[in-house]
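Heads up, the thing below is written out as structure tokens.
Order of appearance sets the numbers: ligands from 1, and atoms from 1 within every ligand.
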Amino acid sequence: MKIGFFDSGIGGLTVLHQALKLLPDEDYLFYADSAHVPYGEKPKEEVKQYIAEAVRFIFSQGAEALVIACNTATSIAVQELRMQYDYPILGIEPAVKPAVRQVEGTPKKVLVLATPLTLQEDKYHNLVKRLDSRDIVDSLALPGLVRLAERFDFREESVRPYLREQFAGLELCKYGTVVLGCTHFPYFIPVLRQLFPPQTQFISGNTGTARNLKAILGGRTSLGSGSGRIEYYASGSRVDDEVLLSQYAGLLKRLDPIQ
Ligand code: DGL
């Protein structure tokens, strides 16, 4: 089966990485909307149009299921897309629920890191409200990490000063669990670990999304008919540039020891 993976940029690879572990015998179409990244700092209506265009393209290429591997796009568009298409469409949301469970019964709190757009959406606020966890959940937007990732800049000397500045007003030792609510963020786990106390947990919705994908597709006749091949698209154009392809492959490898 051909499964589409969509993100504004390279963040979606952190979810695809998990899907490849659970569903190695499918084919994948990975679409990064590189012409319009970052989504998280743009007006919602503009981003919605980019998403609609990308999703139309992905299904036109024969994908039979879609993972919106982007918390921002999920929060603003997943419901409408599900009404428009008959194919299974999965989204990803900040893993607040398991994070709250992890700190329950301890004096620690949860810190949710995401894009400005995700944190300002009702979907996020309703999630926190539903869990009755407003008192123990703090959030912080880190759009600078998306920009660094899109430049393939994961160097400590670039990432650390940015994070130090953003974390300046927070007491990091208060947090038992940090939620990576943007799919670009897992690349930065090694630096994040250095800044938080050693016992801090980092979680994302990535493994849960891959598990849901496997469960939802289970039993379909075309399942298992692929070979783990990945076609890459950048905003509707097939990526055939060897340098970029090897950068993508390098990112998937980089994730192996991280998540
Ligand atoms: N990777 C995306 C997310 O999970 C969005 C990054 C961006 O384009 O701002 O929210």
ask   = Taking heavy atoms and a distance under 4.0 Å, where does Leu117 meet ligand 1: side chain, backbone, both or neither?
value = neither
message = Just to confirm my output: which protein heavy-atom neighbour is closest to atom 3 (C) of ligand 1, and how far is it?
response = Asn71 N, 3.3 Å
query = Going by the atom numbers of ligand 1, which of them fall below 4.0 Å from some non-hydrogen atom of Thr115?
reply = 5 (C), 6 (C), 9 (O), 10 (O)
query = If you measure from each non-hydrogen atom of Cys182 to ligand 1, which part falls under 4.0 Å: side chain, backbone, both or neither?
reply = both
message = Using the ring centroid of each side chain, check whether Phe185 and Phe202 are separated by less than 6.0 Å.
response = no
request  = Compute whether any side-chain donor of one residue and acceptor of the other, for Ser225 and Ser222, lie under 3.5 angstrom apart.
outcome  = no
request  = Run the salt-bridge test on Glu64 and Arg220 with the 4.0 Å N-O cut-off and return the result as yes or no.
outcome  = no
inquiry  = Checking the side chain of Tyr50 only, and the main-chain atoms of His36 only, is there a donor and an acceptor separated by less than 3.5 Å?
reply    = no
query = Any non-hydrogen atom of Cys70 lying under 4.0 Å from ligand 1?
reply = yes
note = Quick look: Val37 vs ligand 1, heavy-atom contacts under 4.0 Å, and the answer is side chain
inquiry  = Could you identify the single nearest non-hydrogen protein atom to atom 1 (N) of ligand 1 and state the distance to 0.1 Å?
reply    = His184 ND1, 2.8 Å
key: Phe196 side chain reached by Cys173 side chain, heavy atoms, under 4.5 Å   = no
task = Taking only heavy atoms of Asp7 into account, list the atoms of ligand 1 that are under 4.0 Å away from them.
result = 1 (N), 2 (C)
key: Ser8-ligand 1 polar pair, N/O distance under 3.5 Å   = yes
For atom 9 (O) of ligand 1, the protein heavy atom that lies nearest, with its residue and separation = Gly40 N, 2.8 Å
request  = Give a yes or no on whether the backbone of Pro38 and the side-chain of Lys42 come within a donor-acceptor separation of less than 3.5 Å.
outcome  = yes
key: Asn71 versus Tyr124, side-chain donor and acceptor atoms under 3.5 Å   = no
ask   = Can you tell me which residue and heavy atom of the protein come closest to atom 10 (O) of ligand 1, and the distance to 0.1 Å?
value = Thr72 OG1, 2.6 Å
Heavy-atom donor-acceptor pair, Gln259 side chain to Thr14 backbone, under 3.5 Å = yes
